[in-house]
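Before any comments, here is the structure.
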Amino acid sequence: MNGNDFMAWVLRSPLHGMLSNGMMLMTITGRKTGKTYTTPVGYYEEGGYLWVITSRERTWWKNLQGGAKVDLLLKRKPVQGFADTDLDEKSVEARMVEYLRHVPQAAKPMKIRVEDGKPNQEDIANTAKERLFIKIS
């Protein structure tokens with residue numbers, strides 16, 4: 001069982017409570033294959049939307065470009081949503097600041113220095129080149 005399989009198992013189980021306030025399962029349909037993929041993703045809520053951050057190196061998010069329906073398992077409840085990608089670096093930089101307000105523990109693994117409670121802007125700009133956000137309504 002790999003890490004994603006384990007996370008998916010926990011998020012589906014009665015033990016989900018320890019992870020559900022920041023992790024969910026997202027099921028995406030491949031545009032070319034029609035195959036469905038389920039992956040655990042971190043999220044936070046802001047402005048009536050769910051926001052997911054991921055690495056540009058990954059490929060599953062490309063199925064969401066231009067918008068696509070997704071199935072979510074959110075706090076063990078099935079939810080349908082509409083997801084779209086935000087690849088614009090300036091927009092990702094601004095969203096990254098919001099993300100770190102909600103998930104401050106993410107700064108260190110992403111190599112973003114925090115000085116006087118504020119994320120370092122240069123570090124944010126560098127990280128934004130490698131990341132993108134997915135907006136789910």
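In this structure, the side chains of Thr29 and Asn63 stay at 4.5 Å or more apart for every pair of heavy atoms.
Checked against side-chain hydrogen bond (donor to acceptor under 3.5 Å, both in side chains), Arg56 has no partners two or more places apart in sequence or in another chain. Residues that satisfy the side-chain hydrogen bond (donor to acceptor under 3.5 Å, both in side chains) test with Asp71, not counting sequence neighbours, are Gln80. Asp123 pairs by the side-chain hydrogen bond (donor to acceptor under 3.5 Å, both in side chains) definition with Arg113, not counting sequence neighbours. With sequence neighbours excluded, the residues forming a side-chain contact (heavy atoms from CB on, under 4.5 Å) with Glu122 are Asn120, Asn126, listed by chain and number. With sequence neighbours excluded, the residues forming a side-chain contact (heavy atoms from CB on, under 4.5 Å) with Val79 are Leu72, Leu74, listed by chain and number. Every residue meeting the side-chain contact (heavy atoms from CB on, under 4.5 Å) condition with Ala83, not counting sequence neighbours, appears here in chain and number order: Leu64, Val70, Ile134, Ile136.
Hydrophobic clustering (ILVMFWY, side-chain heavy atoms < 4.5 Å, transitive): Leu132 and Met24 are in one cluster. Residues Val97 and Leu87 do not share a hydrophobic cluster, clusters being chains of Ile/Leu/Val/Met/Phe/Trp/Tyr side chains in contact below 4.5 Å. Neither Val41 nor Trp51 shares a network with the other; the hydrophobic side chains, linked directly or stepwise wherever heavy atoms of I, L, V, M, F, W or Y lie under 4.5 Å apart, form separate groups for each. Residues Ile53 and Leu50 do not share a hydrophobic cluster, defined by chaining ILVMFWY side chains whose heavy atoms lie under 4.5 Å apart. Taken together through direct or relayed side-chain contacts under 4.5 Å among Ile, Leu, Val, Met, Phe, Trp and Tyr, Val92 and Trp61 form parts of separate hydrophobic clusters.
Under the side chain to side chain donor-acceptor pair (under 3.5 Å) criterion, no residue pair touches residues 127-137, with sequence neighbours excluded. Within the structure, salt bridge (Lys or Arg N to Asp or Glu O under 4.0 Å) contacts touching residues 79-98 (residues at least two apart or in different chains) are Lys90-Glu93, Glu98-Arg101. Sorted by first then second residue, the ring pair (Phe, Tyr, Trp, His ring centres under 6.0 Å) pairs that include residues 100-132, not counting sequence neighbours, are Tyr44-His102. Sorted by first and then second residue, the salt bridge (Lys or Arg N to Asp or Glu O under 4.0 Å) pairs involving residues 29-43 (not counting sequence neighbours) form an empty list.
Gln121 contributes atom CD, which lies 9.5 Å from atom CD1 of Ile112 (distance to the nearest 0.5 angstrom).
Here the shortest heavy-atom pairing between Phe133 and Met96 reads CE1-N, 3.7 Å. Taking all atoms of both residues into account, the shortest heavy-atom contact from Leu100 to Pro119 is CD1-CB, 3.9 Å.
Dense packing is recorded around CD of Glu115, with more than 12 heavy atoms of other residues, nucleotides or ligands lying under 6.0 Å away.
No donor-acceptor distance shorter than 3.5 angstrom exists from the side chain of Trp60 to the backbone of Gly30, with no hydrogens or angles considered.
Side chains of Thr36 and Thr27: a donor-acceptor N/O pair is absent below 3.5 angstrom, by distance only.
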